[in-house]
**Student:** 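Have a look at this one.
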Amino acid sequence: MLILGIETSCDETSVALLEHRGGNALEVRANLIASQIEAHQLFGGVVPEIASRKHLEAVNPLLRLVKEQTDLSDWRELDLIGVTSGPGLSGALLVGVAAAKALSLATRVPLRGVNHIKGHICSTFLERPDLPLPMLCLVVSGGHSDLVLVRDFHTFERLGRTRDDAVGEGFDKVARSLGLPLPGGPNLERAAATVQKTGLRFTPSNMEPSFDFSFSGLKTAATQAFKKGQGSPQEVAYAFQTSALTQLARQTKRAIEQFQPRTLGLCGGVAANGALRAKMAEAAGDLEFVVPTPILCTDNAAMIGAAAFFEARDHEFPSFSIDDLGFEARSVWPIDAASQPVP
Ligand code: KG4
Ligand code: ZN
């Protein structure tokens, strides 16, 4: 069984081919990612219009490359196509959705539009197909900071979310104010790693009794501290990262105590952060701890193919229907709203 994934929700164009190996096991045969980072570098952040144009340039060449690299002789060999249909930048999403619909229509391979956050969560199953459920999953990316209880492949209960900025957005904005180049998150992590100790501290936001997060106050405090000369860029990066990760770990530990999951999962772009990976491994204690390899943490199409597969599998793999092409790009689509029985 072969599944094609397509992802264009933000600033990476990605196409992947997965092969089902039985049970929950999916082999990633190809997972190509074209990053647009250089095109946005000049502007200090992702420019939606540029993102859409870059996706347009990249999507067909990537499709061709995946076909070549996996020795696929005909697209009709596919059993399923999955594409990110939200949440994300509308114009960017539209490029992937249009490409996927065209391919599905031309080949009559069934198509599913999937939720990007669900994709991130499914990356944990690519890493560990037999992970014990329920899983408490911390999804941390440029657009989201969610604590999600995954009871099965279709039931996602959002326990907490950010009330303002996503944690990755905080990393990116603080990195920018410290004069660090794009990509902000990884460069801030690198700057922080050069510091052993500093007197600079930012108190983590306390959102109890909820499981929500807040990073906007911390972002402002870090930016102001740097402007006032209270620390070097490296020290401010270290103090910001420490405070943000402490908040994430505290809320995660509280949710573990209350909901008693069997696995702790960590996913999304910020899960590539080494300090966060170490902190969450510690928070997991005796639980199984799963965090995908970094390339499956940041945006990629393998996770989208996986999400499409798990949805379609329990629907006994629908055959092609033109009615299934009616879905649209959805810029807003919370994970709990994506948690519905497969139609
Ligand atoms: O999941 P992702 O690739 O795209 C979205 O869905 O948003 O996540 C991108 C986010 C960016 O904010 C980026 O700065 C952050 O993940 N990120 C990191 C690291 N690598 C990526 N943040 C902190 N440390 C990292 N090593
Ligand atoms: Zn993402």
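Just so you know, these numbers use all the heavy atoms, side chains as well, and skip hydrogens, waters and symmetry mates. First listed ligand is number 1; within each ligand, the first listed atom is number 1.
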**Student:** Rounded to 10 degrees, what angle sits at the Zn ion (ligand 2) between D299 OD1 and H120 NE2?
**Tutor:**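 Between OD1 of D299 and NE2 of H120, at the Zn ion (ligand 2), the angle is about 100°.
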**Student:** Taking atom CZ of R53 as the centre, report whether more than 12 heavy atoms of other residues, nucleotides or ligands fall under 6.0 Å from it.
**Tutor:**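 12 or below, so no.
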**Student:** For P186, state whether at least one heavy atom is located under 4.0 Å from any atom of ligand 1.
**Tutor:**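 Per 4.0 Å heavy-atom rule, P186 contacts ligand 1.
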**Student:** Pairing donors with acceptors under 3.5 angstrom, does anything connect the side chains of R250 and Q247?
**Tutor:**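 Result is no, nothing qualifies.
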**Student:** Under 3.5 Å between any N/O of E189 and any N/O of ligand 1: does that happen in this structure?
**Tutor:**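 E189 vs ligand 1: N/O contact under 3.5 Å present.
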**Student:** Tell me: protein heavy atom nearest atom 14 (O) of ligand 1, and distance?
**Tutor:**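 Answer, as residue, atom name and distance: D172 OD1, 2.6 Å.
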**Student:** Note the single closest protein heavy atom to atom 24 (N) of ligand 1, along with its residue, its atom name and the distance in Å.
**Tutor:**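 Going by distance alone, atom 24 (N) of ligand 1 is nearest to N273 ND2, 3.0 Å.
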**Student:** For ligand 1, which atoms have a heavy atom of F171 less than 4.0 angstrom away?
**Tutor:**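 So the answer, numbered in order with elements, is 23 (C).
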**Student:** Under 4.0 Å from a heavy atom of H120: give me the atoms of ligand 1 that qualify, with their elements.
**Tutor:**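 With H120 as reference, the close atoms of ligand 1 come out as 1 (O), 6 (O).
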**Student:** Pull out every atom of ligand 1 sitting under 4.0 Å from any heavy atom of G143, numbered as shown with elements.
**Tutor:**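 Those qualifying, in numeric order: 7 (O).
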**Student:** For ligand 1, which atoms have a heavy atom of H116 less than 4.0 angstrom away?
**Tutor:**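 What qualifies from ligand 1 is 6 (O).
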**Student:** Tell me whether the Zn ion (ligand 2) has H116 as a neighbour, meaning an N, O or S atom of it below 2.8 Å.
**Tutor:**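 Given the 2.8 Å cut-off, H116 counts as a ligand of the Zn ion (ligand 2).
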**Student:** Please work out whether any backbone atom (N, CA, C, O) or any side-chain heavy atom from C-beta onward of H144 is under 4.0 Å from ligand 1, and answer side chain, backbone, both or neither.
**Tutor:**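 The answer is neither; H144 stays 4.0 Å or more away.
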**Student:** Looking only at protein heavy atoms, which one is nearest to atom 5 (C) of ligand 1, and what is the separation?
**Tutor:**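 It is D299 OD2, 3.5 Å.
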**Student:** Name the orientation class of the two ring planes belonging to H116 and H120 (parallel below 30°, tilted from 30 to 60°, perpendicular beyond 60°).
**Tutor:**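 Correct class here is perpendicular.
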**Student:** Which is closest to atom 21 (C) of ligand 1 in terms of heavy atoms, C267, G119, G269?
**Tutor:**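 Looking at heavy atoms only, the winner is G269.
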**Student:** For the residue pair F153 and F310, does the interplanar ring angle fall in the parallel (under 30°), tilted (30 to 60°) or perpendicular (over 60°) class?
**Tutor:**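 Parallel: the ring planes of F153 and F310 meet at under 30°.
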**Student:** Does ligand 1 have any atom that is closer than 4.0 Å to a heavy atom of Q241?
**Tutor:**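 The answer is no, since Q241 has no heavy atom less than 4.0 Å from ligand 1.
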**Student:** For the residue pair D165 / S216, report whether a side-chain donor-acceptor contact shorter than 3.5 Å exists.
**Tutor:**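 No pair is found: no donor N or O on one side chain lies under 3.5 Å from an acceptor on the other.
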**Student:** Pick, from A175, G185, P87, the option with the minimum heavy-atom distance to atom 18 (C) of ligand 1.
**Tutor:**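 Selected option, by shortest heavy-atom distance: G185.
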**Student:** For atom NZ of K219, decide whether the heavy atoms of other residues, nucleotides or ligands shown that lie under 6.0 angstrom number more than 12.
**Tutor:**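 Atom NZ in K219 is crowded, with more than 12 foreign heavy atoms closer than 6.0 Å.
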**Student:** Counting heavy atoms only, name the option from P183, G142, G168 that's nearest to atom 10 (C) of ligand 1.
**Tutor:**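 Heavy atom nearest to atom 10 (C) of ligand 1 belongs to G142.
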**Student:** Between L296 and N31, is any pair of side-chain heavy atoms under 4.5 Å apart?
**Tutor:**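 Result yes, sub-4.5 Å side-chain heavy-atom pair found.
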**Student:** Side chains of E7 and S9 only: does a donor on one sit below 3.5 Å from an acceptor on the other?
**Tutor:**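 There is such a pair between these side chains.
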**Student:** Which residue owns the protein heavy atom closest to atom 15 (C) of ligand 1, what's the atom, and how far is it?
**Tutor:**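 Here the nearest protein heavy atom works out to V270 CG2, 3.8 Å.
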**Student:** Answer yes when E257 and R254 have at least one side-chain N-carboxylate O distance shorter than 4.0 Å, and no when they do not.
**Tutor:**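 Looking at R254 together with E257, the answer is no, because their closest N to O distance does not fall below 4.0 Å.
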**Student:** Would you verify whether the NZ or CZ of K101 falls within 45 degrees of the ring axis of F327 while also being under 6.0 Å from that six-membered ring's centre?
**Tutor:**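 Checked: cation-pi criterion met.
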**Student:** Might you work through the side-chain hydrogen bond (donor to acceptor under 3.5 Å, both in side chains) test for S214 and D164, ending with a clear yes or no?
**Tutor:** CA-CA 6 Å; S214 168; D164 38 59; 2.7 Å; yes
